[in-house]
Amino acid sequence: MANFITSKIPNTLTCGNLVSGCIATYFALCGEAQLALMWIVAGAVFDFFDGMSARLLGVSSPIGKELDSLADDVTFGVAPAAMVFTQLSVMEYPSFMEPIAPYVPFFAFVMAAFSALRLAKFNLDTRQTTSFIGLPTPANALFWASLLVSQPDIIESSSMMVLPMLAMICISSWLLIAEIPMFALKFKNWGWAGNELRYSFIVFSAAMIIWLGIMQSFWVIITAYFLISVVADAMNTKAKQ
């Protein structure tokens, strides 16, 4: 009985992620961006612990892997896309875009499709056991959700802001599947040696959360994560030459 219950813990946590994503999507479509962000964060917490519990308990399974990807696409693909959809639905559009304005918000869901593609590639890519190639879906989701919650005045400051928003959707969708190495917070050991980048990033993230607040800091942290990953990869490439 104990083994049966133990074996179900990871999948139960994954389902918690999925339910969080569904709730986040509901609040996103209702225009409650802060609540949507809170539930995306809750989903990220479930996502972190489901993988950790599976490894600690030694109960990883193919069905758990597939369930995890499905949950992740809802929480980190559909939910943030719904937030962007809602934002684009209430923004002013420049005059030359007015004929297509009712249809433009649906472009946000391209991000959900690319999130699914990224997750499918991750499941098959053996290179991503200790690091990532392309932007992880939780990072993309937290970037968008935090940006929409913390910067509404800038986003809605001009009708022309629709164009940068659409461009950012394209860029973030590309980054999800781009061949860009990015470090992961996966520790082989807890020592400083070999984990300098990870510990430094954790300290930086904690500082940003204390300074800006948990809801407003994620888009800054994810931007820094991307830039640090690019610089670190360039330095590693140069060192090998």
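Residue numbers start at 1 and run along the sequence shown.
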Any pair counted as side-chain hydrogen bond (donor to acceptor under 3.5 Å, both in side chains), so long as it reaches [range], sequence neighbours left out:
range            : answer
residues 206-219 : Ser150-Trp219
residues 106-120 : Arg118-Gln128
residues 71-81   : Asn17-Asp72, Asn17-Thr75

Qualifying residues under side chain to side chain contact (heavy atoms under 4.5 Å, CB included), relative to Ser173, sequence neighbours excluded: Val110, Met111, Phe114, Ile169
Contacts of Ala33 that satisfy side chain to side chain contact (heavy atoms under 4.5 Å, CB included) - sequence neighbours left out: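 Met83, Val149.
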To which residues is Phe106 joined in a hydrophobic cluster, defined by side-chain heavy-atom contacts under 4.5 Å among Ile, Leu, Val, Met, Phe, Trp and Tyr, whether direct or through other members? Leu29, Phe85, Phe109
Using links of under 4.5 Å between side-chain heavy atoms of ILVMFWY residues, direct or through other members, which residues join Leu18 in one cluster? Val74
Do Ile40 and Met215 share a hydrophobic cluster (ILVMFWY, side-chain heavy atoms under 4.5 Å, transitive)?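 Linked within one cluster.
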Report the residues that fulfil side-chain hydrogen bond (donor to acceptor under 3.5 Å, both in side chains) with Glu156, sequence neighbours left out, ordered by chain and then residue number.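 Here the qualifying residues are Gln87.
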How would you list, by chain and number, every residue that makes a side-chain hydrogen bond (donor to acceptor under 3.5 Å, both in side chains) with Ser172, sequence neighbours excluded? Trp144
Angle class for the Phe183/Phe201 ring planes (parallel below 30°, perpendicular above 60°, tilted otherwise)?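 Perpendicular, since the angle between the ring planes exceeds 60°.
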The reported gap from CG in Leu148 to CD1 in Ile155 (rounded to nearest 0.5 angstrom) is 4.5 Å
Could you note down all residue pairs passing salt bridge (charged side-chain N to carboxylate O under 4.0 Å, His left out) where residues 93-110 supplies at least one of them, sequence neighbours left out? none
Show me the pairs that pass salt bridge (charged side-chain N to carboxylate O under 4.0 Å, His left out) and involve residues 213-233, at least two apart or across chains.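 For residues 213-233, and leaving out neighbouring residues, there are no salt bridge (charged side-chain N to carboxylate O under 4.0 Å, His left out) pairs at all.
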Name all residues meeting the salt bridge (Lys or Arg N to Asp or Glu O under 4.0 Å) criterion together with Glu179; count only those two or more places apart in sequence or in a different chain, and write none if there are none.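 Once residues adjacent in sequence are excluded, the partners of Glu179 under the salt bridge (Lys or Arg N to Asp or Glu O under 4.0 Å) criterion are Lys121, Arg127.
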